[in-house]
Structure formats: structure tokens, C-alpha cells
Novice: 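My questions all concern the structure below.
Just so it is clear, the values below take in all heavy atoms, side chains as well, and ignore hydrogens, waters and symmetry mates. Quick note on labels: first sequence line is chain A, next is B, and so on, each numbered from 1. Computed from a predicted structure; not experimentally measured.
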2 protein chains.
Amino acid sequence: MNVSPAAPSPIGNEDLVGRRVLVVDDDPTVAEVASSYLRSAGFVVDEVGDGFAALAAAERIDPDLIVLDRMLPGIDGVEVCRRLRTHSSTPVILLTALGSEDDRIAGLEAGADDYLAKPFSPRELVLRVQSVLRRSIGEFTPESVLEYGGFRLDPSARTATRDGAELALTSREFDLFEFLLKHRNQVFSREDLLRTVWGWTYGDLSTVTVHVRRLREKIEPDPRTPTLLTTVWGVGYRFTTNGDADAVG
Amino acid sequence: MNVSPAAPSPIGNEDLVGRRVLVVDDDPTVAEVASSYLRSAGFVVDEVGDGFAALAAAERIDPDLIVLDRMLPGIDGVEVCRRLRTHSSTPVILLTALGSEDDRIAGLEAGADDYLAKPFSPRELVLRVQSVLRRSIGEFTPESVLEYGGFRLDPSARTATRDGAELALTSREFDLFEFLLKHRNQVFSREDLLRTVWGWTYGDLSTVTVHVRRLREKIEPDPRTPTLLTTVWGVGYRFTTNGDADAVG
DNA sequence: CGGCATCCGTTCGCGTTCCGTAAGACTTGG
DNA sequence: CCAAGTCTTACGGAACGCGAACGGATGCCG
């Protein structure tokens, strides 16, 4: 019944208090809201408004994490991220506009650790910051490979196989599968998935429906009658490890 | 990329009982309805009618969450939200006029954690409040499994089994069963159940009757003569832990 | 530069499931 | 035997999930 495949993180929120976070956004309102929230959560926050200032500040104050808007005057957020990566491994959370898939991919490829679609709930931001920080402080291990019931997901390589055979998953499908596999045997509403997997605060829930269907097409023995990625009527979806699974955690 | 909250503390709805909610609306009717529903869900509720009072009350009673109407006499709801943010991180749910997408965005950027379009269903409000609170405490922390007399309920997976065999319960049936199993050996009137399980303050009591019957059909050895989910004549229903008990006195 | 393929988000119609209510039969207690 | 309470059944409507298809955006390759 244990859900977490990796050992539970030994890092409490207390260990995060006092960490430095650099917020980079040209919109003062957004920056202000984000900052005040992060401060309330116990972080020490600095704000800058453009890409050059971001690079300079990153050099000067050496923050523990950077929250970076994708759209910036001067240097683009993704470019900032890339340049940061050349000489540091400071975790970066990228703020992207809604729906721009490429922003997300570009962000991930540039080395961002997480992303969040605007407009975002500040609370969500805090959760992500804490999550990323906890991860980066704790094990320096890149990311553990996920294995279950013949499936094998490698998050760092972003490849998926079933019984050794390559599964041609798209980016979204991979994210979705990874999340469900990580939290198997737990039901998630479409809204939950949209928030966590997509990083959206709101949006069309049928987006999730369709992607679930497409994912099923690739991982289910018989997509017509799902046995792994099952529907919980009126609630959401669940990756089930029941009955026939010859699983090794 | 991935968001793993991985907080070790399990959070059920009981942990939300007793939390303070501040309802801010200038329409007494709306405020009253919202309050009574929230109280029924176990929250301690305070009401105020305008923006200034809201800020004052927030300062004074330090609520766990604030339900805030967007349209307010005095200070606008969004502005209230923004001012709150300068010195606290109390979660805010914003009530906005129907359909206006911009309100939504403005609200989220002002620091709201969720929003709800008017007119809203009180039940929806309760769900949102619980959802946001739970999220602010720690997301996706699986609830503890409920086991008794061969039955096994897993709230996070939303699965029910008897002696290992899957019980095909509908959403309502699951909620009802879960509640009764949690508070076994305790009698609840139809009204109680309608309020707690359904989240209604009024409604047709026969709704409960029918669902009890349907649930019996699935969990009782002989549904005609219930031994587990028994009727207490003139009072209500009870999930009985020892089969023989007919404590009618 | 232009055509092709891929992926993603959205939309719409269809079939199914579930829920609430009504109405009548039955049981219980006085 | 009566009245109030409870059980059973049936039904219509609403909510929901699914499948198929479309248009747009993007990247790739000729």
C-alpha cells in the first residue's frame, strides 16, 4: 500500500527557512505578490525586473533558487536560464504563459527544474519552490528511475519502455505517466492533474481526458477496456496496481 | 517537470474541522448561506460585510482561510486581497461575477488561491474551501486506510473491498460508507447524513433512504435483513460492529 | 522556402452511468 | 386498526466520460 517509491524526504520545511530566493519578473504586481508570499513562507527574497539584472544578481547574491519569468525585457528568460547553467546549478522555476507548449519544452531543455503557468496561485508557487528546494538540497541524485510492472521510466533521459521495448510517448504523455506512476493507486481529479502535471491554475478539463485516452492507447493491453489507467467515475483517474500486476516496486 | 510534494503527514477531512473561515460579502443572504454550509462542514465561521471590516477581522481573528466577494462596498475585493498579501499569506477564495475571465486573472494575480463564479453552489464552495486548505497544508498526502470486519476502504484510491473482493460502489455510496465506517456504532438521522455526507442543509430525506438501500444491496450478506447497516426506528441509521446487536431496548 | 509530420488543445455528438424524486407497498408501535 | 415511518421499485433527467475529428502551431526535411 506504500505509495512513495523513493524514500520520503528527510527535509522538513524548517530547513528551508532563511533560504534565498531570487524573483525575476518585469511586472511589479506579480513580483510583489510572489515575493510577499515567499517571505511569509520564511524565505529571504530579492527582486529584479529584467534578464541582465537577474544574471548580475545571481552572481552577486548566489541565491538558493531562482523564480524566472519567461517573458522579460532584454534577455529572454530561457536564455537567462541557459547562461546560468553554464556556471552554476542553481535551481530555476520558470513562469510561462498559458498554453505555450514550446516554452515548457524550451525551458526544460534550458535546464529549468520546474515550470508554472501564468496566472498562477501564489500558494502553488510556494509549494513548488519548497518542493524543488527540498529536492536540490537533499539527494543530489538526478532523478531515480521509475519501475513498475514491466514499465520503466527514466526521467532524466525522458524515455519510457515496457518490457524493454521503447514506448513512443510525447512530452505531455511522459509527464502524465510519470506523475501517475509516482503516485500509483491514488485517484486524481482532472483538476489536480491540470494543476500538477500541466502547471495550470485553470483550464479546459477535457484536455486531461484526451491525453489520458492517448496515453491509454500506448500503455494499455486493450485500450478499450483499461486495466491500468482506470477511470473513477465522477472523481478522476488512477493508475491501478491491482490484481494482475506482477510488480516489483 | 515533476511535482512531488511528499509530505509525511496524512491529512483527512477531520484535520480541517475547527478551522476558522472568514466570509466577506455585503449581501447578507449570500453570506448567511455560505456560512451555514461551512459550519455544517465543521468550520468555525465569522462574517463581515465590507472590505475594511474584512481587513480588521483578518487581523484580529487570524482565520485559516478567507472567502472574499469581489464586489464590495468601500474597498474592492481584489484590493483587499492585495493588502492582505502585504503582511500575511492567509489563503483567499475570491467570489467573482459570472464568466468574466479577466476577473479571474486579476484575482489570481492579486494573490487569490482559487476563485468561484457567482452564483455558486454552496456545496461547491465547501469543496473548494477544503481543497485549498488541504493544499495549503500539504498536497496529495494519502488518507489512512479504513478497515473493519473484512471491509477495507482506501479513501485516496477510492476503492472498497470485502475480504479482498472489490465492491463496485458509486461515488455517493463510497462517501456514505466511509462516513458510517468512520463513525461506527453511532446513530445518524437522515438529516445528519444529508448535511455531512451530501453537504446539504435542506433536501429530500428519501434521498438518504434510497442510498442506504443501495449500499445495503452491496455490503449486506442478506440485504433483506440488514445486520451491519441497521435501521434505528424513528431515529436513523447506524453501522453496527457486532452482528447480533438489536439494542432497541 | 515550402510541404509534411507531429503534437497539442479544443469541440461536438453519442452512449452510459448515476442520482434524486415520486409513488405505492410494507412494517412498526401505539 | 391506524398513523407514522420505512422500504422498494421505477423513471426521467442530468452529469459524465469517451471517441472522433479539426485547426493551429511547431519542427523537420527536402
Novice: Considering non-hydrogen atoms only, spot the tightest contact between A:Glu220 and A:Thr227 and give its length.
Specialist: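 Looking at all heavy atoms of both residues, the closest pair is OE1-N, 2.9 Å.
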Novice: Quick check for you: among D:dC18, D:dT8, C:dT21, whose closest atom lies nearest to any side-chain atom of A:Thr209?
Specialist: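 Nucleotide nearest to A:Thr209's side chain: D:dC18.
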Novice: Grab the NE2-P distance between B:His211 and D:dT6 for me, whole Å please.
Specialist: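 The distance from NE2 of B:His211 to P of D:dT6 comes to 18 Å, rounded to the nearest Å.
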Novice: Under 3.5 Å, which protein N or O atoms sit close to an N or O of nucleotides 4-6 of chain C? Give each pair with its distance.
Specialist:
none

Novice: Given atom CZ of B:Phe174 and atom C1' of C:dT17, what is their separation to the nearest angstrom?
Specialist: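 So the CZ-C1' distance, B:Phe174 to C:dT17, works out to 18 Å.
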Novice: C:dG9 phosphate, OP1 or OP2: any side-chain N/O from A:Trp200 under 4.0 angstrom?
Specialist: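 No, A:Trp200 has no side-chain N/O under 4.0 Å of OP1/OP2 on C:dG9.
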Novice: Within the structure, does a side-chain N or O atom of A:Tyr237 lie under 4.0 Å from either OP1 or OP2 of D:dC16?
Specialist: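 Answer no for this pair, as no side-chain N or O of A:Tyr237 is under 4.0 Å from OP1 or OP2.
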Novice: Across the strands shown, which category fits B:Arg172 at heavy-atom distances under 4.0 angstrom: base, sugar-phosphate, nothing?
Specialist: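 Sugar-phosphate: the residue B:Arg172, judged by heavy atoms under 4.0 Å, touches backbone atoms but no base.
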Novice: Let me know the distance between CD of B:Glu217 and C1' of C:dC19, rounded to the nearest Å.
Specialist: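 The distance from CD of B:Glu217 to C1' of C:dC19 comes to 17 Å, rounded to the nearest Å.
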Novice: Aromatic rings B:Phe177 and B:Phe151: how do their planes relate, parallel, tilted or perpendicular, breaks at 30° and 60°?
Specialist: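 Answer is perpendicular, since the angle exceeds 60°.
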Novice: Quick one about A:Thr225 and A:Asp222 (side-chain donor to acceptor, distance below 3.5 Å, no hydrogens or angles considered), yes or no?
Specialist: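 Side-chain D/A pair, A:Asp222 to A:Thr225: present.
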Novice: For A:Phe188 and D:dG17, give me the distance from atom CZ to atom C1', rounded to whole Å.
Specialist: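 Rounding to the nearest Å, CZ of A:Phe188 and C1' of D:dG17 are 20 Å apart.
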Novice: Any donor-acceptor pair under 3.5 Å between the side chain of A:Arg214 and the base of C:dG9?
Specialist: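 Yes.
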Novice: Find the distance B:Leu205:CG to D:dA4:C1' and express it as a whole number of Å.
Specialist: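 Result: 14 Å.
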Novice: Separation of B:Arg213 atom CZ from C:dG20 atom C1', in whole Å?
Specialist: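 Checked: the CZ to C1' distance equals 15 Å.
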Novice: Is the closest side-chain donor-acceptor distance between B:Thr201 and B:Ser36 under 3.5 Å?
Specialist: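 Side chains of B:Thr201 and B:Ser36: no pair found under 3.5 Å.
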Novice: Quick one: are B:Tyr237 and B:Val232 in side-chain contact, heavy atoms under 4.5 Å?
Specialist: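 In short, these two side chains do not touch, never coming nearer than 4.5 Å.
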Novice: Base, backbone or nothing for each nucleotide of nucleotides 23-28 of chain C, written B, S, -, heavy atoms under 4.0 angstrom, 5' to 3'?
Specialist: -----B
Novice: Evaluate the ring planes of A:His183 and A:Phe179, with Trp represented by its six-membered ring, and classify them as parallel (under 30°), tilted (30 to 60°) or perpendicular (over 60°).
Specialist: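 A:His183 vs A:Phe179 ring planes: tilted.
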Novice: Please give, in whole Å, the distance from D:dT6 P to B:Arg190 CZ?
Specialist: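 Interatomic distance, CZ of B:Arg190 to P of D:dT6: 4 Å.
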Novice: Whole angstroms only, please: what is the CG-P distance between A:Leu229 and D:dG17?
Specialist: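 Those two atoms, CG and P, are 14 Å apart.
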Novice: Can you tell me if A:Trp198 touches the phosphate of C:dG9, counting only side-chain N or O atoms and a distance under 4.0 Å to OP1 or OP2?
Specialist: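 Affirmative; the distance criterion is met.
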Novice: Looking only at heavy atoms, what is the nearest atom pair of B:Leu94 and B:Gly107, with distance?
Specialist: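 Nearest pair, atom of B:Leu94 first, then B:Gly107: CD2-CA, 3.7 Å.
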Novice: Taking B:Leu229's backbone N and O only, do any of them form a donor-acceptor pair with B:Arg216's side chain (distance below 3.5 Å, no angle check)?
Specialist: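 It does hold such a pair.
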Novice: When all nucleic acid strands are considered with a 4.0 Å heavy-atom cut-off, which category describes A:Val210: base, sugar-phosphate, or nothing?
Specialist: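 Base, at least one base heavy atom under 4.0 Å.
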Novice: Between B:Tyr37 and B:Arg123, is there a side-chain donor-acceptor contact under 3.5 Å, judged purely by atom types and distance?
Specialist: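 On atom types as modelled, these side chains do not qualify, holding no pair under 3.5 Å.
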